[in-house]
Amino acid sequence: MIVPGEAASIHEAARLLATGDIVAFPTETVYALGADAANADAVAKIFAAKDRPHFNPLISHAADIGLLRTEVLFDDRAELLAAHFWPGPLTLVLNKHPLARGARITNAGLPSISVRIPAHPVALVMLEEFARIGSGLVAAPSANRSNMLSPTTAQHVAESLGRRVPFILDGGRTCIGVESTIIDLTGEIARVLRPGGLALERIEALIGPCARVAPGDKPIAPGMLARHYAPKKPMRLNATHATDDEAFLLFGPATANLGGRLRLNLSESGDTVEAAANLFDHLHRLELTDVAAIAVMPIPDIGLGVAINDRLRRGATP
Ligand code: AMP
Ligand code: MG
């Protein structure tokens with residue numbers, strides 16, 4: 001059931017979280033499927049609803065950094081990044097606090113926990129209310145079936161999860177449109193586990209260079225699997241023309257007719273922020289058409305283009 005993200009339904013969502021149920025809610029990145037991070041049975045429902053094959057660690061969300069201070073240990077780098085970018089599309093993987101309340105299933109029993117304060121008014125009010133009546137910590141991956149496209153509207157959630165999620169808070173289209181950037185700060189060298197909605201350049205400006213995870217490294221995050229975020233149709237990347245069987249996903253000013261049975265533009269002005277916001281939405285739309293395949297124009301590998309290219313590569317992997 002999709003319900004408008006108004007006071008009464010946000011209140012109901014917080015109540016459902018407190019009674020161990022799952023709820024889908026909007027964040028500024030993509031829609032999330034949440035459960036009380038301190039309640040193992042509730043978190044298990046997330047894996048079941050998503051058909052997630054393994055108990056991969058989930059991100060713990062809160063409205064208030066104070067709650068996170070007893071979940072994880074903040075070092076100077078984490079303090080700096082949190083002060084600059086929270087609430088916002090940045091997830092920090094930090095060493096677990098000895099008093100952490102999160103259930104083991106939430107972080108897959110790892111010595112670390114990933115945490116984030118999302119920047120969406122509906123999510124923040126829900127998290128605040130849940131902090132008054134429960135743990136205030138919400139474990140939440142994206143609200144879609146495992147390996148499929150991430151949802152950027154309440155309708156996408158309903159299409160992907162159907163009756164598996166009885167309560168979907170509608171907060172309109174998400175404004176960032178790709179998942180959060182994940183930075184691992186558990187060791188001396190900061191590592192980018194997933195490029196995402198916060199440009200790496202902005203993070204590195206504050207804490208210095210971060211290590212990239214090389215292709216072939218053991219995946220420690222599902223977003224690092226070779227195939228992930230995949231549309232149901234084959235994708236061909238860095239295309240300069242599209243065939244009559246293909247849809248063409250464009251980037252930048254549409255000048256000449258470059259083919260394709262139908263065309264959608266990620267950003268006519270060539271803006272990677274706008275393109276990120278449109279990425280999953282356009283792919284969802286193309287998935288619903290009868291074109292055989294999707295051709296995608298090259299996207300510059302700067303700013304949020306890094307996250308877009310990461311998702312496109314994984315989605316195009318057979
Ligand atoms: P999603 O499931 O789309 O919310 O993505 C969350 C990502 O964070 C997944 O790729 C997880 O594997 C990753 N992640 C969460 N917690 C940890 C952790 N403690 N260590 C490493 N990766 C994590
Ligand atoms: Mg996901």
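Order of listing sets the numbers, starting from 1, for every ligand and every atom in it.
At under 3.5 Å, not a single nitrogen or oxygen of N56, backbone or side chain, sits near a nitrogen or oxygen of ligand 1. Ligand 1 has no N or O atom lying under 3.5 Å from any N or O atom of E179, backbone or side chain. For N107, no nitrogen or oxygen atom sits less than 3.5 Å from a nitrogen or oxygen atom of ligand 1, counting backbone and side chain alike.
Taking N95 as the reference, nothing meets the side chain to side chain donor-acceptor pair (under 3.5 Å) condition, with sequence neighbours excluded.
Atoms of ligand 1 found under 4.0 Å from any heavy atom of L193 (numbered from 1 in listed order, with element): 21 (C), 22 (N). Listed by atom number, the atoms of ligand 1 under 4.0 Å from S112 heavy atoms are 18 (C), 19 (N), 20 (N). Interface of S142 with ligand 1, defined as ligand atoms under 4.0 Å from a residue heavy atom, comprises 3 (O), 4 (O).
Counting only non-hydrogen atoms, the option in T27, I59, V93 that gets closest to atom 20 (N) of ligand 1 is V93.
Within the structure, the ring pair (Phe, Tyr, Trp, His ring centres under 6.0 Å) test picks out no pair touching residues 171-195 (sequence neighbours left out).
Close to ligand 1: L110, with a non-hydrogen atom less than 4.0 angstrom away.
Neither the backbone nor the side chain of T91 comes within contact range of ligand 1; no heavy atom lies under 4.0 Å. Of all the heavy atoms of D184, none lies under 4.0 Å from any atom of ligand 1, so neither backbone nor side chain is involved.
A salt bridge links R236 with E246: the closest approach of a Lys/Arg side-chain nitrogen to an acidic carboxylate oxygen falls below 4.0 angstrom. Between E28 and R116 there is a salt bridge, since at least one side-chain N of the basic residue sits less than 4.0 Å from a carboxylate O of the acidic one. Salt-bridge formation is detected for the pair D310/R314: a Lys NZ or Arg NE/NH1/NH2 atom is positioned less than 4.0 Å from an Asp or Glu carboxylate oxygen.
A side-chain N or O of T186 and one of D184 form a donor-acceptor pair less than 3.5 Å apart. Counting only N and O atoms by type, the side chains of S142 and N144 include a donor and acceptor under 3.5 Å apart.
Coordination check, N144 versus the Mg ion (ligand 2): failed, since every N/O/S atom of the residue sits at 2.8 Å or beyond.
Nearest approach of L250 to N265, heavy atoms of both residues: O-OD1, 3.2 Å.
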